[in-house]
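Just so it is clear, the values below take in all heavy atoms, side chains as well, and ignore hydrogens, waters and symmetry mates. Letters A, B, ... are given to chains in the order of the sequence lines, protein chains preceding strands, and every chain is numbered from 1.
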Number of protein chains: 2
Amino acid sequence: MSIISDSAPLSDLSVVKSVSLTSALEKELERLILTGELEPGVRINEIHLSNRFGTSRGPIREATRSLEAKGLVEVVRNRGVFVRRLSVEDAVEIYDVRAALFGQAGRLLAERMTDGLLAELTRMVDEMDAVAERGSFDDYYPLNLGFHNLIVGSCGNRTLQAEYHRFVNKLHLFRARALVQGGGLAVSNREHRAMLEALASGDGDRAQMTHWRHVALAKRRLIAAVDGPARHD
Amino acid sequence: MSIISDSAPLSDLSVVKSVSLTSALEKELERLILTGELEPGVRINEIHLSNRFGTSRGPIREATRSLEAKGLVEVVRNRGVFVRRLSVEDAVEIYDVRAALFGQAGRLLAERMTDGLLAELTRMVDEMDAVAERGSFDDYYPLNLGFHNLIVGSCGNRTLQAEYHRFVNKLHLFRARALVQGGGLAVSNREHRAMLEALASGDGDRAQMTHWRHVALAKRRLIAAVDGPARHD
DNA sequence: CGACGCGCATCTGTTGACAGTTTTCATTCT
DNA sequence: AGAATGAAAACTGTCAACAGATGCGCGTCG
């Protein structure tokens with residue numbers, strides 16, 4: 001079976017002339033990987049892809065080399081490129097990096113906080129509390145994501161923001177991916193409130209600590225979920 | 001790994017068959033950029049490079065796309081690829097990221113510290129003190145680099161280590177590069193001693209704080225050097 | 001004398017083809 | 001039946017060539 005069906009709906013790569021074919025392909029491949037349409041571990045066949053997108057192999061190879069540098073795929077000489085597969089250890093390592101970056105974002109944000117932003121963040125936490133009470137995880141998840149993105153996106157450091165998102169994205173390659181979102185909703189939101197207070201106080205040290213701890217605790221919940229109830233090796 | 005690869009005679013790339021031509025080219029290009037042989041802002045001519053290395057343009061394009069994803073070069077459609085040039089603001093942003101990562105490394109290391117490692121780190125700081133007293137910056141710099149590398153390399157998190165080095169490398173693209181190493185040697189080494197004490201105590205919070213602060217203060221020294229004495233824009 | 005426009009040289013974007021390697025699979029031998 | 005073997009298929013690595021875009025220089029015109 002081909003890894004990518006040749007009849008699949010071709011998302012509009014034909015419109016492209018202002019931007020290079022390579023970067024359009026890269027975006028599309030990244031999308032396929034992050035949404036799970038290309039599952040971790042599978043090989044990416046250059047010929048199939050070039051047929052599917054109607055291009056030659058050159059731009060596809062360039063796109064995959066870029067994705068390799070971003071850590072989304074792995075290139076093995078004479079064998080091909082494979083969607084990267086993250087081990088539990090990899091995921092845990094990423095959590096540490098993410099905690100460090102998120103903590104720094106919290107610090108920076110605390111030092112440039114505005115009333116409007118604080119109100120918006122508070123509103124989001126309130127809404128998450130309401131949703132958490134109903135136990136609706138599917139509703140909670142996007143709110144939670146938006147909350148974190150708003151913090152990192154408002155910290156004023158574009159480099160930090162880009163890096164943070166890169167690592168969050170990488171967690172999609174973790175096969176037991178459902179676990180990264182597991183853990184108590186109410187507990188997590190209580191941590192959010194601690195973060196809010198620190199941000200409101202304008203205390204950089206405190207904000208960094210609460211933000212760091214939030215991710216560190218999420219890491220703990222992940223570890224507990226992994227080697228606790230069921231075997232996921 | 002040292003920032004500057006000291007394997008000089010790589011002029012002939014034909015030795016390699018076990019590794020792809022692309023990755024060999026990428027390593028060589030990265031070396032040229034980090035050593036400054038290819039200065040920030042200059043355009044990379046694909047034809048010249050392919051002549052120089054005796055290959056076709058394909059592998060070179062793949063290598064540059066990889067370097068683009070790593071943030072070392074910038075690709076402008078139909079214009080070519082340029083060695084990335086870092087503004088002061090970029091450099092400052094990188095310092096924040098670096099501080100976050102280094103602080104996390106300190107925390108991790110404090111929780112897995114060994115006597116042998118502590119002795120080695122202490123020896124390094126002592127040596128730096130001796131060199132700093134002589135005011136010999138050229139001797140101080142490699143010691144300082146080795147000290148930081150040993151900490152990050154011993155923290156047990158390969159992802160964090162790789163990321164930290166990537167950002168330290170990126171600072172080479174800052175045009176006023178000499179400034180990133182400026183600042184008082186003795187002052188900096190006093191911060192090293194505070195880090196050592198925290199590491200020895202095994203207190204993760206404290207280690208993270210001291211390590212974070214060390215880079216944060218270096219950032220301050222950079223800012224002071226930039227918009228203080230002379231104009232560097 | 002300066003500004004505009006045209007044509008040429010240079011370079012990048014992309015393609016199709018060839019060479020070498022890995023994988024597959026049918027066949028043979030034990 | 002199972003392992004070993006060898007040829008063919010499939011795929012990646014690399015290259016050379018073509019097409020389109022950009023920038024430069026020259027000539028012309030106001």
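- Rounding to the nearest 0.5 Å places CD of B/E68 at 10.5 Å from CZ of B/R61.
- When the side-chain nitrogen and oxygen atoms of B/R77 are compared with OP1 and OP2 of C/dG13, none of them lie within a distance under 4.0 Å.
- The phosphate of D/dT12 (OP1 or OP2) has a side-chain N or O of A/R43 nearer than 4.0 angstrom.
- Within 4.0 Å (heavy atoms only), B/I60 reaches no atom of the nucleic acid at all.
- Separating the CZ atom of A/R61 from the C1' atom of C/dT14 is a distance of 14 Å, rounded to the nearest angstrom.
- Rounded to a whole Å, the CZ atom of B/F82 is 9 Å from the P atom of C/dT12.
- B/R79 comes within contact range of the sugar-phosphate backbone alone, with a heavy-atom separation under 4.0 Å but no base atom that close.
- Using a 4.0 Å cut-off, no side-chain N or O of B/N78 falls inside it from OP1 or OP2 of C/dC11.
- Here B/G58 lies out of heavy-atom contact (under 4.0 Å) with every strand.
- Comparing A/P59 and B/V81, the nucleotide of DNA chain C nearest to each residue sits closer to the 5' end for B/V81.
- In summary, the side chains of A/W212 and B/Q104 do present a donor paired with an acceptor at a separation below 3.5 Å, with no hydrogens or angles considered.
- Remark: P of D/dG20 and CZ of B/R57 are 16 Å apart, rounded to the nearest angstrom.
- In this pair, A/H192 and A/H148 present their aromatic rings perpendicular. The plane angle is above 60°, beyond the 30 to 60° band.
- One atom, CD1 of A/I47, and another, C1' of C/dC18, lie 13 Å apart when rounded to the nearest Å.
- At least one side-chain heavy atom of B/E26 sits less than 4.5 Å from a side-chain heavy atom of B/K70.
- If you take CG of B/N51 and C1' of C/dT12, they are 15 Å apart, rounded to a whole angstrom.
- Of the residues listed (A/L29, A/L72, A/V75), the one engaging A/T64 in a side chain to side chain contact (heavy atoms under 4.5 Å, CB included) is A/L29, and it is the only one.
- Here C/dG13 presents its C1' atom at 12 Å from CG of A/L25, a figure rounded to the nearest Å.
- A/E62 places its CD atom 12 Å from the C1' atom of C/dT15, with the value rounded to the nearest Å.
- One atom, CG of A/N45, and another, P of D/dC11, lie 5 Å apart when rounded to the nearest Å.
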